[in-house]
Amino acid sequence: QVQLVESGGGLVQAGGSLRLSCVASGSIFRVNDMDWYRQAPGKQRELVATITSAGSTNYADSVKGRFTISRDNTKNTVYLQMNSLEPEDTAVYYCHAHINLVSRSTTDYWGKGTLVTVST
């Protein structure tokens with residue numbers, strides 16, 4: 001089955017940058033839409049950014065102009081470049097993807113998350 005593994009989280013001071021990566025592996029035929037979500041303490045999980053298989057992107061208003069989502073289809077990888085980080089960006093960031101399996105069935109998968117902490 002499919003696994004999504006995030007990396008790149010860590011501790012950064014306000015105004016700094018981080019780049020998150022998420023690699024999909026397993027019995028994959030095709031990776032379709034990919035997304036980044038985040039969940040802060042006491043908050044619901046929220047959608048941060050999406051990217052389609054064709055490369056079209058959308059962002060939450062709170063991160064527009066600061067975050068950039070991209071993907072490398074040859075590596076089944078999605079990235080989230082985060083600049084001008086703010087304490088409000090502190091959260092566990094989750095990778096999410098809609099995937100066609102080798103069996104041609106379609107389902108969605110979640111990574112286990114990577115913690116981003118922005119200090120003042």
Side-chain angles (χ1 to χ4, degrees):
Q1 289 295 322
V2 170
Q3 297 182 54
L4 301 180
V5 180
E6 304 100 334
S7 63
L11 176 64
V12 64
Q13 63 182 356
S17 298
L18 286 173
R19 191 185 195 194
L20 306 183
S21 299
C22 172
V23 180
S25 62
S27 55
I28 297 170
F29 177 75
R30 184 172 183 267
V31 179
N32 298 311
D33 296 355
M34 303 187 79
D35 317 285
W36 285 99
Y37 287 76
R38 67 185 182 187
Q39 188 166 26
K43 301 290 186 179
Q44 294 192 66
R45 189 171 298 186
E46 65 174 340
L47 179 63
V48 176
T50 65
I51 185 166
T52 70
S53 59
S56 297
T57 60
N58 282 290
Y59 299 92
D61 288 341
S62 59
V63 306
K64 285 182 179 178
R66 300 188 298 120
F67 291 11
T68 302
I69 188 171
S70 61
R71 65 192 291 165
D72 185 340
N73 292 330
T74 67
K75 299 178 180 179
N76 288 335
T77 300
V78 63
Y79 306 94
L80 186 67
Q81 178 66 46
M82 305 184 294
N83 299 325
S84 301
L85 284 162
E86 305 167 353
E88 292 75 17
D89 296 317
T90 295
V92 176
Y93 284 71
Y94 297 91
C95 178
H96 174 258
H98 289 90
I99 293 174
N100 295 122
L101 304 180
V102 171
S103 65
R104 304 305 176 93
S105 63
T106 302
T107 190
D108 63 305
Y109 290 89
W110 292 89
K112 290 181 169 56
T114 184
L115 177 63
V116 172
T117 303
V118 184
S119 67
T120 58

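No side-chain heavy atom of Ser25 sits under 4.5 Å from any side-chain heavy atom of Val5. Residues Val2 and Leu101 have side chains in contact (heavy-atom distance under 4.5 Å, counting atoms from C-beta outward). For the pair Thr50 and Ile69, the minimum side-chain heavy-atom distance is 4.5 Å or more. Looking only at side-chain heavy atoms (C-beta outward), Met82 and Asp89 stay at 4.5 Å or farther from each other.
Val116 and Tyr59 end up in the same hydrophobic cluster when Ile, Leu, Val, Met, Phe, Trp and Tyr side chains are linked at under 4.5 Å. When the side chains of ILVMFWY residues are joined at heavy-atom separations under 4.5 Å, either directly or via intervening members, Val92 and Tyr79 end up in two distinct hydrophobic clusters.
A donor-acceptor pair is defined here as one N or O able to donate and one able to accept, closer than 3.5 Å; no such pair exists between the side chain of Arg104 and the backbone of Phe29. Not a single donor-acceptor pair under 3.5 Å links the side chain of Gln81 to the backbone N or O of Thr68. No donor-acceptor distance shorter than 3.5 angstrom exists from the side chain of Arg30 to the backbone of Asn100, with no hydrogens or angles considered. Side chain of Glu6 to backbone of Lys112: a donor-acceptor contact under 3.5 angstrom is found.
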Exercise for the section: Let me see the working for Asp35 and Leu47 under side-chain contact (heavy atoms from CB on, under 4.5 Å), right down to the final yes or no. Expected result: CA-CA 7 Å; Asp35 317 285; Leu47 179 63; 3.8 Å; yes
Practice task
Determine, step by step, whether Arg38 and Glu46 satisfy the salt bridge (charged side-chain N to carboxylate O under 4.0 Å, His left out) criterion, reporting the C-alpha distance in whole Å, the side-chain angles of both residues, the deciding distance to 0.1 Å, and the verdict.
Solution key: CA-CA 6 Å; Arg38 67 185 182 187; Glu46 65 174 340; 2.7 Å; yes
Exercise for the section: Before giving the answer on side-chain hydrogen bond (donor to acceptor under 3.5 Å, both in side chains), spell out for Asn83 and Ser17 the whole-Å C-alpha distance, their side-chain angles and the decisive distance to 0.1 Å. Expected result: CA-CA 4 Å; Asn83 299 325; Ser17 298; 2.9 Å; yes
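A 6.0 Å sphere centred on CD of Gln3 holds no more than 12 heavy atoms belonging to other residues, nucleotides or ligands.
Between atom CD of residue Gln1 and atom CD1 of residue Ile99 there is a gap of 10.0 Å, rounded to the nearest 0.5 Å. How far CZ of Arg71 is from OG1 of Thr57: 11.5 Å, rounded to the nearest 0.5 Å. With rounding to the nearest 0.5 Å, the separation of CG in Asn32 from OG1 in Thr107 is 11.5 Å. To the nearest 0.5 Å, atom OG of residue Ser62 and atom CD of residue Glu86 are 8.5 Å apart. Atom CG of residue Leu80 and atom OH of residue Tyr93 lie 7.5 Å apart, to the nearest 0.5 angstrom. Atom CG in Asn73 sits 7.5 Å away from atom OG in Ser53 (nearest 0.5 Å).
Val12 pairs by the side chain to side chain contact (heavy atoms under 4.5 Å, CB included) definition with Leu18, Leu85, Val118, not counting sequence neighbours.
Using bins of under 30°, 30° to 60° and over 60° for the plane-to-plane angle, the ring pair Tyr94/Trp110 lands in the perpendicular bin. Ring planes of His96 and Tyr37: perpendicular class, angle over 60° (limits at 30 and 60°).
The minimum heavy-atom distance between Ser70 and Arg19, with the atom names listed, is OG-NH2, 4.3 Å. The heavy-atom pair separating Val63 from Val48 by the smallest distance is CG2-O, 3.8 Å. A pairwise comparison of heavy atoms in Val78 and Cys95 identifies CG1-SG, 3.7 Å as the closest pair. Considering every non-hydrogen atom in both Val31 and Ala24, the closest pair reads CG2-CB, 4.4 Å. Between Cys22 and Leu4, the closest heavy-atom pair is SG-CB, 4.0 Å.
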